[in-house]
Amino acid sequence: GAGELAGYPVPAPMLEALRLAEPETAAALRTVRLASDAAEADHKLPGPALWRRSEPGNSLELADAIALDIEIWVRQCDAS
């Protein structure tokens, strides 16, 4: 038998697995924000808030900073 999830058919074993699932607890979670954001964060990245622009934009500086931050975070997670 199958059930539905959001209007889509889902096999019964998957529905049961979802029903029994519990959130993963991970100590390595952190908050990263742009340097221009005044809110509290574990780490701040330089670069413009591209999603606030009226026209599409690109920032290689921000892309590089995000990529480096993810690389460092993955290494920290791997080491723990």
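Counting from 1, the numbers follow the sequence of the chain as shown. Treat the numbers as computed from the prediction; the structure is a model and nothing was measured.
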Quiz prompt | Least distance between heavy atoms, A39 atom then R33 atom | solution = CB-NE, 3.4 Å
Quiz prompt | Value rounded to 0.5 Å, distance of CZ in R19 from CE in M14 | solution = 15.5 Å
Quiz item: Under the side chain to side chain donor-acceptor pair (under 3.5 Å) rule, what pairs show up with a residue in residues 42-61, not counting sequence neighbours?
Solution: none
Quiz item: Do I72 and R75 touch side chain to side chain, with heavy atoms closer than 4.5 Å?
Solution: no
Self-check item: L62 and L34, any side-chain heavy atoms less than 4.5 Å apart
Solution: yes
Exercise. Test E71 against L68 for side-chain contact (heavy atoms from CB on, under 4.5 Å), laying out the working first.
Key: CA-CA 5 Å; E71 180 183 346; L68 178 60; 4.2 Å; yes
Quiz item: With clusters built from Ile, Leu, Val, Met, Phe, Trp and Tyr whose side-chain heavy atoms come within less than 4.5 Å, directly or transitively, what are the remaining members of the cluster of Y8, listed by chain and number?
Solution: none
Quiz item: Between V32 and I70, is there a shared hydrophobic cluster once you connect ILVMFWY residues whose side-chain heavy atoms come closer than 4.5 Å?
Solution: yes
Practice problem: Give, for atom CG of D37 and atom CG of L45, the distance between the pair rounded to the nearest 0.5 Å. | Solution: 11.0 Å
